[in-house]
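Counting convention: from 1, in listed order, for ligands and their atoms alike.
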Amino acid sequence: MEFFEVRGGKPLQGTVAIHSAKNAVLPIMAASILADGQVTIMDCPRIADADNMLDIVRTLGCRAERVGENAVIDTAGMQDWVMPEALAKKLRSSIFMMGPILGRFRKATVTHPGGCEIGLRPINLHLNGLRAMGVTFHEEGGLIHCDGSGMRGGEIHFDYPSVGATENVMMAAVLTPGTTWIHNAAREPEIVDLQRFMNAMGAKVSGAGTHSIHIEGVQKLRGVNYRPIPDRIVAGTLLAAAAITGGEITLDNAHAGDLVAVISKLRDMGCEIRHGLTNINLRAPKRLRSFGQLQTLPYPGFPTDMQVQMLALSIKAMGTTVITENVFENRFAHAGDFNRMGADIVLHDRTAVIRGVEKLHGASVVARDLRGGAGLVLAGLAAEGTTIVERVDLIDRGYAALEQMLASLGADIRRLCDTA
Ligand code: UD1
């Protein structure tokens, strides 16, 4: 098993480019199966979730492969509407395939994704949205059989602005006759990117980024070359790494406009941040100060995917910090690991109270989920001595070689293999 060995204490310095966003690439790959022709996803990040998604698309009969820095998906030969169960279980995003498979075949069989490390993650909103478009469901032995023979445009009001459910309905609706409205839609930048991608293929989608999305069904979509937006969470994680080590870094291919909530908290901690259209520069103070309180919310609120990184920063900041996690229930799973490194974190249900300490010390810790793993690496960068972070495979789901990005900025971090 691979693990990271981190020796803390080096301030990060330098410039690094941000790769395309996992959460944009995955739905774009799913939506690619709607095209008649070839889709090229440019600068496709080398992350495990993207590879799994390519496997899923390939199992449906598409050609799906990496060509240099790009991923190419060609739907000629696609004929299957049954999602491969073993692959679907590997990644929650496989549920995104339900919408496009239904859009294409008017039927689909998918696996119930079940729970995962960060929470229960039900799919009721996905099903309700598709139901409003005339899809019926029949569940048997962990499989969901979807019948879309009566599919038509529909009007959907989500009880909660779920990112995945919004994307699923968008993808189901673009090839469905009639008009679909999605109200209380999620507004994340990745939803806007999905709209831009599908419109480039010839779809008629408008309103993404606002509460209401409007889709006019079309008959056909064409192949396209497309570059997804940069990953705001990878960018935020690297800014946090510079902040926690007292460094100064510049990110290229990073959109400050997608990171307003994160940048605001980093400034509250004493970081100086300047940005252009596609770059961000952060200079950290000698010692961070607490930003007081933070709560995670749907976009444009503070992103849950950056919560644990901000918690890691708070550990060494001056003062007390209160963080409330409103989106996923199990996102404080690493509090015990941080405490073993010398942190002072107390949990009360969905709230963490962090009293800043002056020093952290290295320890051997185990990642339990993707972002939590990144948070442990951040703590390791700021700790005295050596930190071992196990279950690097979880971190590889969303960061293309995080250790190389950090090492290029001067961090002392190595990927090692435990052969025992
Ligand atoms: C997406 C992101 C993930 C991010 C999350 C919130 C991708 C691939 N993943 O996940 O990185 O952390 O948005 O920004 O884009 N919910 C229901 N019923 C449903 C669907 C969701 O109750 O049918 C709940 C979830 O349990 C959770 C909340 O809604 O508590 C938010 O989930 P959602 O916005 O759907 O997140 P994902 O699309 O799974």
Contact (N/O only, under 3.5 Å) between [X] and ligand 1:
| X | answer |
| --- | --- |
| Asn23 | yes |
| Phe328 | no |
| Pro161 | no |
| Leu125 | yes |
| Ser162 | yes |
| Leu26 | no |

Item to check | Proximal candidate to atom 12 (O) of ligand 1 [heavy atom criterion; set Leu297, Asp305, Asp159, Ile191] | outcome: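 Looking at heavy atoms only, the winner is Asp305.
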Checklist entry - For atom 38 (O) of ligand 1, which candidate among Ala165, Gly301, Gly164, Pro303 provides the closest heavy atom? => result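 Ranked by closest heavy atom to atom 38 (O) of ligand 1, first place is Gly164.
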Ligand 1 versus [X]: contacting region, heavy-atom distance under 4.0 Å:
| X | value |
| --- | --- |
| Thr304 | side chain |
| Val327 | both |
| Tyr299 | neither |
| Met306 | neither |
| Asn124 | both |

Next on the checklist: Using the rule side chain to side chain contact (heavy atoms under 4.5 Å, CB included), only one of Arg340, Arg391, Glu390 pairs with Val365; which is it?
Outcome noted: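 The side chain to side chain contact (heavy atoms under 4.5 Å, CB included) with Val365 is passed solely by Arg340 among Arg340, Arg391, Glu390.
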Checklist entry - Are Asp36 and Arg104 within salt-bridge range, i.e. N to O under 4.0 Å? => result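 Counted as a salt bridge, because a side-chain N and a carboxylate O are separated by less than 4.0 Å.
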In terms of atom number and element, which parts of ligand 1 are under 4.0 angstrom from non-hydrogen atoms of [X]?
| X | value |
| --- | --- |
| Tyr160 | 28 (C), 29 (O), 31 (C) |
| Phe96 | 8 (C) |
| Arg331 | 12 (O) |

Checklist entry - Considering only heavy atoms from C-beta outward, does the side chain of Gln307 approach that of Arg371 to under 4.5 Å? => result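 Of all side-chain heavy-atom pairs linking Arg371 with Gln307, none is under 4.5 Å.
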Next on the checklist: Considering only residues two or more places apart or on different chains, which pairs with a residue in residues 182-202 satisfy ring-ring contact (aromatic ring centres under 6.0 Å, His included)?
Outcome noted: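 Those involving residues 182-202 are Trp181-His183, Phe197-Tyr226.
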